[in-house]
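Proteins come first, then strands; the chains are lettered A, B, ... in the order of their sequence lines, and each starts at number 1.
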Number of protein chains: 2
Amino acid sequence: MSVIEGINEANQKELFKKYEAKYKALADQLRLKIMYELNQRGQVCVCDLTEIVELPQSKLSYHLKILLDADLITREKIGTWNYYRLHEAEVRGLLSEELCCIFYPEKK
Amino acid sequence: MSVIEGINEANQKELFKKYEAKYKALADQLRLKIMYELNQRGQVCVCDLTEIVELPQSKLSYHLKILLDADLITREKIGTWNYYRLHEAEVRGLLSEELCCIFYPEKK
DNA sequence: TTAATATATCAAATAAAATTGATGTACATA
DNA sequence: TATGTACATCAATTTTATTTGATATATTAA
């Protein structure tokens with residue numbers, strides 16, 4: 001079932017709330033930059049990202065959490081490091097093709 | 001020139017700032033609902049919209065201004081009325097096809 | 001076991017956005 | 001000209017988001 005079918009009063013509110021949360025996570029320069037860098041580099045650990053985006057660690061962690069909670073990125077723990085990467089399908093479902101390949105990669 | 005070509009340090013910041021503003025405007029349930037209704041109805045005046053979305057007039061005006069400033073909708077004054085409609089091309093360039101035809105119409 | 005590194009989380013302070021009610025302006029109609 | 005309607009804008013308040021610096025936890029290395 002496509003998104004538009006099945007819209008009724010009850011669904012609507014939920015749907016708008018969902019997209020509000022997603023777009024809210026995207027609506028920030030820093031976070032877009034993070035997405036851009038993750039897209040460029042694939043998998044990146046926080047320690048590297050701190051240098052790439054030049055943010056204090058706690059601030060970066062804060063913004064990563066927002067992206068993670070919105071399901072726009074994923075986290076994988078490997079030893080001491082936390083590696084983040086884009087949640088490609090999710091971002092693709094949100095942003096126009098015009099934004100390929102800034103914030104998500106070209107389709108393989 | 002596509003968006004991705006011509007990205008350099010100087011462009012980048014501007015680009016992210018631009019998308020921040022656009023997505024910020026979209027990042028709100030009420031405003032998404034307004035977009036949805038405009039998409040359903042084409043051209044709508046504020047007086048009708050007040051009833052459709054059930055918002056006090058000043059609140060609606062506030063949110064319309066945000067969408068207008070972000071260039072996501074347009075305004076046309078006809079007599080006493082201000083008619084708003086989607087800025088279709090702009091929204092299409094921002095949102096994934098998955099969001100057709102909730103927040104923007106099918107391509108003719 | 002101690003120390004160092006990687007990272008998340010917390011509390012306090014600050015900043016930005018949204019809401020509310022009131023006021024102002026333009027146009028239309030009596 | 002006086003009244004009503006359609007809106008935008010403003011100032012004050014409330015709510016939400018962001019920043020900052022400090023602390024806590026887990027893992028690794030000495």
Q.
Starting the side chain at C-beta, find the nucleotide from dT7(C), dG21(D), dA22(C) nearest to Cys45(A).
A. dT7(C)
Q.
For a quick check of understanding: with a heavy-atom distance under 4.0 Å over all strands, which category does Tyr84(B) fall into, base, sugar-phosphate or nothing?
A. sugar-phosphate
Q. With a non-hydrogen cut-off below 4.0 angstrom, is Leu60(A) in contact with a base, only sugar-phosphate, or nothing?
A. nothing
Q.
Nearest 0.5 Å, please: how far is CG in Leu67(B) from OG1 in Thr74(B)?
A. 11.0 Å
Q: Could you pick out which residue, Pro56(A) or Lys24(A), lies toward the 5' side of DNA chain D when each is mapped onto its nearest nucleotide?
A: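 The answer here is Lys24(A).
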**Q.** Position toward the 5' end of DNA chain D (nearest nucleotide), Ile78(A) or Gln57(B)
**A.**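 The residue mapped nearer the 5' terminus is Gln57(B).
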Q. Does the distance from a Lys or Arg side-chain N to an Asp or Glu carboxylate O, for Glu37(A) and Lys33(A), drop under 4.0 Å?
A.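 Counted as a salt bridge, because a side-chain N and a carboxylate O are separated by less than 4.0 Å.
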Is the shortest side-chain N/O distance from [X] to OP1 or OP2 of [N] below 4.0 Å?
X        : N       : value
Ser61(A) : dA8(C)  : yes
His63(B) : dT19(C) : yes
Arg75(B) : dA8(D)  : yes
Lys65(B) : dA8(D)  : no
Asn82(A) : dA8(C)  : yes
Tyr62(A) : dT7(C)  : no
Lys59(A) : dT20(D) : yes

Q. Is there a donor-acceptor contact under 3.5 Å linking the side chains of Arg92(B) and Tyr104(B)?
A. no
**Q.** Side chain Tyr23(B), main chain Leu94(B), donor-acceptor under 3.5 Å
**A.** yes
